[in-house]
Novice: 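I have a structure I would like to understand better, so I am pasting it below and will then ask my questions one at a time.
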Amino acid sequence: MLIRRGFEPCPDADPGRAVAIGNFDGVHLGHQAILAALGARGRESRLATAVVCFEPQPKEYFARDAAPARLMRLRDKAERIAETGVDELRVLRFDAALAGLAAEEFIERVLVRALGARQVVIGEGFRFGQGRGGDVEILRRAGRARGFEVVAVPSRIADGAPVSSTRVRTAIAAGRFDEARALLGRDYRISGRVAAGLKLGRTLGFPTANLRLLRRVSPVAGVYAVRVSGAGLDRRAGVASVGTRPTVGGTEWLLEVHVFDYAGALYGQRLDVDFIAWLREEIRFDDLDALTVRMHDDARRARALLDA
């Protein structure tokens with residue numbers, strides 16, 4: 001999948017593209033329905049397919065530190081979208097200039113000039129442009145004038161309510177990973193490259209792979225039973241902690257993963273950590289001995305949950 005940034009027209013714009021627009025945070029079942037419709041329209045019309053997303057996400061721009069936790073970093077989102085067979089990801093920087101574009105100008109600059117849209121696929125509740133003034137009907141009117149067709153994909157419904165990133169986020173924060181799995185169609189995952197740490201876990205008998213979250217707000221916090229893939233591992237059982245490590249005076253949010261029955265070196269490797277079950281909150285212990293006792297209990301519970 002080709003990744004392009006900004007408003008520059010595609011050098012291979014003819015004969016146009018089938019385009020989907022959205023945040024796609026989490027790439028949940030609702031997003032997957034949009035991407036499936038995009039692929040179908042592309043095949044039917046013999047058009048290349050493109051997805052437009054925004055970085056940062058609009059709520060992160062407007063709300064700053066009060067924005068909801070991001071489910072996915074851009075790299076992870078791009079990988080999930082690429083798996084669906086999309087040809088191009090167009091990433092638009094969401095800043096004051098983009099936020100100030102009227103709906104009609106957004107259509108002209110992004111869909112018409114940059115992408116040569118012939119099919120536009122969106123969720124039925126999609127809003128865009130300055131003050132969220134654009135909607136499906138405005139897109140359809142523009143399409144009739146500018147030569148593109150609009151497909152509004154109905155929301156996916158689960159347990160009587162639309163599937164959304166907010167529902168996934170709420171389920172994850174509450175430790176309801178069965179619910180999150182049902183909304184995502186897979187386990188919730190955080191991926192990243194293993195960074196060098198203090199090696200404290202090794203001295204306590206629990207060597208860990210440390211992944212920086214690289215998010216303003218973490219969607220998860222506490223101790224979890226997990227499965228780990230990457231670096232030759234295939235859904236290997238483990239236990240993970242997400243937090244600041246208050247017992248040792250830490251301040252940076254980290255994902256620390258202990259892979260059961262594994263002694264290999266993981267520094268610099270990219271890992272995928274799938275969250276299976278929540279075990280407890282992160283707490284500050286009086287000393288390292290008390291922390292070690294609790295870590296053994298966490299590992300025992302995680303092994304039992306994962307049948308490891």
Novice: Hey, is Glu149 close enough to Arg41 for a salt bridge, meaning N to O under 4.0 Å?
Specialist: yes

Novice: Is the shortest distance from a Lys or Arg side-chain nitrogen in Arg4 or Glu8 to a carboxylate oxygen in the other one below 4.0 Å?
Specialist: no

Novice: Evaluate the criterion side chain to side chain contact (heavy atoms under 4.5 Å, CB included) for residue pair Asp135 and Phe126; output intermediate values, then yes/no.
Specialist: CA-CA 6 Å; Asp135 58 15; Phe126 179 69; over 6 Å; no

Novice: Does Glu137 pair with Arg144 as a salt bridge, N-O distance under 4.0 Å?
Specialist: yes

Novice: Mark yes or no: Arg132 above the aromatic ring of Phe128, with NZ or CZ under 6.0 Å from the six-membered ring centre and no more than 45 degrees from the axis.
Specialist: no

Novice: If you measure from the Lys or Arg side-chain nitrogens to the Asp or Glu carboxylate oxygens, is any gap between Asp76 and Arg270 under 4.0 Å?
Specialist: yes

Novice: Heavy atoms only: give me the nearest Leu38-Thr49 pair and the separation to one decimal.
Specialist: O-CG2, 3.8 Å

Novice: Would a line drawn from the ring center of Tyr224 to the ring center of Phe177 be shorter than 6.0 Å?
Specialist: yes

Novice: For the pair Arg245 and Glu282, find out whether any cationic side-chain nitrogen is under 4.0 Å from an anionic carboxylate oxygen.
Specialist: no

Novice: I'd like to know if Arg235 pairs up with Asp187 as an ion pair, taking the criterion as any Lys NZ or Arg NE/NH1/NH2 lying under 4.0 Å from an Asp or Glu carboxylate oxygen.
Specialist: yes

Novice: Do Phe24 and Phe54 have ring centres separated by under 6.0 Å?
Specialist: no

Novice: If you look at every heavy atom in Val220 and Trp253, which pair is closest and at what distance?
Specialist: O-CZ3, 3.8 Å

Novice: Quick one: does NZ or CZ of Arg109 land under 6.0 Å from the six-membered ring centre of Phe7, within 45 degrees of the ring axis?
Specialist: yes

Novice: Regarding Asp272 and Ser191, do their side chains bring together a donor and an acceptor under 3.5 Å, going by distance alone?
Specialist: yes

Novice: Heavy-atom count around Asp159 CG within 6.0 Å, excluding the residue itself: above 12?
Specialist: no

Novice: Using 30° and 60° as the class limits, which term best fits the ring planes of Phe206 and His296: parallel, tilted or perpendicular?
Specialist: perpendicular

